[in-house]
2 protein chains.
Amino acid sequence: MARSGPKLTRIARTLGVSAATVSNALSGKGRVSAELAEKIRATAAELGYVPSLAGRALRTGRTAAIGLVLPDIANPLFPQIAQAIELAASSAGYGVLIADSRGDVTTQTKAIERLIDRDVDGMVIVPRRGTRITDVGCPVAVIDTPSTPGNTVAADHWGGGRQIAEHLKALGHRRVLVIGNNPASNVQNDRIGGIRSALAEGAFVETLWIEPLEREQGKGCPLGLAEKVAEGFTAFACVSDLHALRALTELQRAGINVPEKASVTGFDDLIWSPVVTPALTTARMDMTRIAAIAVGALVKAIGERDPTDAAIGAPVTADDAEVPMQLVVRQSSAAPPRIQFQPGQTTANARTSAPEGEHQP
Amino acid sequence: MARSGPKLTRIARTLGVSAATVSNALSGKGRVSAELAEKIRATAAELGYVPSLAGRALRTGRTAAIGLVLPDIANPLFPQIAQAIELAASSAGYGVLIADSRGDVTTQTKAIERLIDRDVDGMVIVPRRGTRITDVGCPVAVIDTPSTPGNTVAADHWGGGRQIAEHLKALGHRRVLVIGNNPASNVQNDRIGGIRSALAEGAFVETLWIEPLEREQGKGCPLGLAEKVAEGFTAFACVSDLHALRALTELQRAGINVPEKASVTGFDDLIWSPVVTPALTTARMDMTRIAAIAVGALVKAIGERDPTDAAIGAPVTADDAEVPMQLVVRQSSAAPPRIQFQPGQTTANARTSAPEGEHQP
DNA sequence: TATCGATGATTAAACGATTAATCAAGCGAT
DNA sequence: ATCGCTTGATTAATCGTTTAATCATCGATA
C-alpha cells in the first residue's frame, strides 16, 4: 500500500487534473500534451510518488514479481544464482520470490503452487537433476544445460568440460579420473561428456560416481583416491568444486601433494575455491549473463502473454541459449610427476605452468 | 490474479449468496450460520478457490510478503538462512522477497527501498557487520547477535565460542590461535569473546585477523600457520568454517597433519564441513528455530500494527532472543601432540577422543 | 457555416477482496 | 400486540490503478 505515500489522486488534485490523465502521463500511453505530461512527471517526482503495486496488479493482472525455484537450496551455487537473478529481475522492475523445495519433488511442486497462488508473472526454474518441468501455468525460464530439451539458457557445460580437459592435456596428463556425483544429472553428464570428448585420443579416462558409492559405504566415505594415484592417475577432474575440495583434502591427507603429485580441478568457482591451499583450478559460469538472458526471455514472454488466459505450454526460449564457461587456472593443477610422462611429450611447455616451490622428486 | 481461478463472486453465485457472506465465512469474521459456512468452505475447496492477493492487498494494505535482506548474498550461510526463513514465512502464510545488497551499503539501502516500494509487510535483516538498522518504515526483525542493541533473535555466538573452547581445553590444548576475519563484526567478536572467556585461565590465546592481513599482503595470502605451529600453537579456532577450511588446507599443505599435529575448528557447519578430510569440528546454529522466532515476532508485530500509519521505530523483539549453538565434533580436532602436554594433565581422557590411526610421533 | 478529424482531457467502469452499515426475520418479554 | 434484541445475511463503499468510452474544443475543409 505504498506506505502512506501520495496516490495518483493526490497528484491529480495538486495539479487540478484527473487521475486518468496522471496515469496516462506517467505511463506515456493515452493522449496528454507534452507540457502537462512534463509537469505531472515533475510533481510526481517531487512528491515521491510510488505506484501501488497492489492497485496495479488488481487492474492489470500483473504483479511484477517472478518466482525463483531451486531444486536444492542448500546447493552452494545458490548464492551466485540468486544474486544474479535478483539483479537482472530488479533492473527489469521485477521482484523475486524464493521458493524452497528442499530437494524433495513433492515439496517442489508445493513450492511452485505457492508461487502460482501468489500470482507471480513468471518463474525461473533451475530444475532438479533429471526433472522435467511440467506445465506450470505461467511463463517459465529453465536454466539447466543446453542439451536438455526445454532448456531456456545455460552455461556451456560441455564446452567447460572441454576447456578443463584441454588444460589437463596441455599440462601432460594422460590418465584422468573424472569425479561426478550422480549420473542422473544433465549438467554433470554434459561436463563429463565435454571432458571425455576432449580427452578421447591419447588419454585414459575413468569416471567415479560419488552418490552410488556413498549409498554403499556411507556418507562422507573416502573415495580411495590414493589407490587411484597408485594406479597411475595423475589428475582428478571433478564435476563441482565441492567434490574437488573433497578430493583435494583426501589427497593431502594421504600425503599426496597437490599439484606436484596429482592435479585437481573443479567446476563453478565456488566461494572457497580461491581460498584453499592450493587454490582450485576451476571453470566458472557467467551467471550474470545467464540470469540476464533468462530474465530477459521471461519478461518478454510475460509481456506478450494475455494475462487472462490460462496455462501456457513449454518453457520460454532465448536467442542465446548457450553461454560459454571460463577456465580459471589456479594452483591445484600442474604437470604430472616426471615419471608419468609419456615419451615424446613436450615437458617444457607443461612445466611452465607448474607453480614454483615444492618440486617433485 | 489467481490465474483464471474462481473468484469470490463465483462461489457466491454458485450458492446463491452474497460475496460478503462468502468472505465472512472463509475468514470466520462476520456472522454466518454454521451450516452455511461449512457449505461455503466445501464449495470453495471443491472449486479450488484461491483468494487474490492483489485484491486483498488493495483493501487491507497487507501484501502477505516479507523481505529478506542479507548483507552479502555471497555469504555461504545464505542458503541455510534463506531456507529457514522461507520455511517459517511460508508456513505463516507469507512470501519471501529477496533483496541483494552486494555488500555495498548504498546498494543495501536501495534494496530496502525497493522492498518498501513493493509494500512488504515487514522485513528480516541480517545486518552487515557493524551496521545499525535505520528506521525503515515497516516492522523489522534483526538477526545478528544477542549483544547487539536492537537485535531480535540470534544464535548464542558467545556460548558457541565457549563450547568450542571447552572442547579444545578438554582435549588438552593450551595454546590456541583464534582466526577471525574482521574485528568490526559483532558476530565474530562474540564468538571470539566466548572462546577467550572459556580459555581465560590456564591457556594462552592469540587472535589473527584475516582481512587486515590481506589488505597488506593481498587476497588469498598464506596465514603463516606453520610458523604458529612452530611457536607452539596446537589448535586453530576459526570464526567460520570458511576460514577453518583455509587453515586446514594451509596446514595440510605444509605437511602438518590435522588433527594429529594441530586441531582446527570452525563455525556454522557449512556445506563442506562434513565432506572434507578430516571432517571439520564446528558449532552449528539452529537456523530453523532462529528463523521461526524471527518470523514469529515479525508476524506478531505486523498483526498489531495499523497498516495506515507510517514509520515505526525499533526492530521487533522476541521473547526468546538467544538460541543455543550446537557443538559438532568431527575429525579435525583431537588431543595435541604429546610433547605439548603440560605436566599433571589427564592425557588419558584426551586421548580417547583422538581418532584412531595415524598416531603422533 | 456546418461538418469532420484530430487533439487533449475527463468519466466511469473494472479488477477482487474486505467491512462498516443496513436490513429482515425470529423470538422473548413487557 | 409491540418493542427490543439477537442472529444471519445483504448492500454498498472502498482500496489505487488502468483503460475504454466519452466529451469538448479548435482548425481545417467542403
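In what follows, chains are A, B, ... by sequence order, proteins preceding strands, each numbered from 1.
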> Any idea which of D/dG16, C/dT19, D/dT18 is nearest the A/Lys7 side chain?
Replying inline: D/dG16
>> Given C/dA9, D/dC15, D/dT10, identify the nucleotide with an atom nearest to the side chain of B/Ser18.
In response: D/dT10
>> In this structure, how many angstroms lie between the C1' atom of D/dT14 and the CG atom of A/Leu8, rounded?
In response: 16 Å
>> Does a side-chain N or O of A/Ser52 approach OP1 or OP2 of D/dG16 to a distance below 4.0 Å, or not?
In response: no
>> Can you see if the side chain of B/Tyr49 gets near the phosphate of C/dG16 - specifically, an N or O under 4.0 Å from OP1 or OP2?
In response: no
> Checking all strands, does B/Ser23 fall into the base, sugar-phosphate, or nothing category for heavy-atom contacts under 4.0 angstrom?
Replying inline: base
>> Looking at A/Arg289 and A/Asp320, is any side-chain nitrogen of the basic one under 4.0 Å from a carboxylate oxygen of the acidic one?
In response: yes
> What distance do B/Ile271 atom CD1 and A/Phe78 atom CZ have between them, rounded to the nearest 0.5 Å?
Replying inline: 13.0 Å
>> Whether the B/Asn186 and B/Asp144 side chains hold a donor-acceptor pair (N or O, under 3.5 Å, no angle test) is what I'd like checked.
In response: yes
>> Determine whether a donor-acceptor pair (one donor, one acceptor, N or O, separation below 3.5 Å) exists between the side chain of B/Arg59 and the base of D/dT14.
In response: yes
>> Between A/Thr21 and A/Ser18, is there a side-chain donor-acceptor contact under 3.5 Å, judged purely by atom types and distance?
In response: yes
>> Nearest whole Å is fine: how far is D/dT18 P from A/Leu53 CG?
In response: 10 Å
> Starting at the 5' end of DNA chain D and moving along, which residue's nearest nucleotide shows up first, A/Ala19 or B/Gly16?
Replying inline: B/Gly16
> Quick check: are there more than 12 heavy atoms from other residues, nucleotides or ligands sitting under 6.0 Å from CZ of A/Arg41?
Replying inline: yes
> Between A/Arg114 and B/Glu86, is there a side-chain N and carboxylate O pair less than 4.0 Å apart?
Replying inline: yes
> Which whole-number value in Å describes the distance from B/Ile40 CD1 to D/dA9 P?
Replying inline: 8 Å
> A/Ile11 has an atom CD1; how far is it from atom P of D/dG16, in whole Å?
Replying inline: 13 Å
>> Between A/Lys29 and D/dT19, is there a contact of a side-chain N or O with OP1 or OP2 at under 4.0 Å?
In response: yes
> Closest to the B/Ala20 side chain: C/dA17, D/dT11, D/dC15?
Replying inline: D/dT11
> Under 4.0 Å: is that the gap between some side-chain N or O of B/Ser33 and OP1 or OP2 of D/dT7?
Replying inline: no
> Could you give the CG-to-C1' distance, from A/Leu58 to C/dA13, as a whole number of Å?
Replying inline: 13 Å
>> Can you measure B/Asn24 atom CG to C/dA20 atom C1' for me and round it to whole angstrom units?
In response: 11 Å
> Atom CZ of B/Arg13 to atom P of D/dA9: distance rounded to whole Å?
Replying inline: 20 Å
> Reckon B/Thr21 touches a base, only the sugar-phosphate, or nothing at all at heavy-atom distances under 4.0 Å?
Replying inline: base
>> Over all strands shown, is A/Arg31 touching base, sugar-phosphate only, or nothing at heavy-atom distances under 4.0 angstrom?
In response: base
>> Taking any heavy-atom pair under 4.0 Å as a contact, classify B/Leu36: base, sugar-phosphate, or nothing.
In response: sugar-phosphate
> Between atom CG in B/Asp119 and atom P in D/dT17, what is the gap in whole Å?
Replying inline: 10 Å
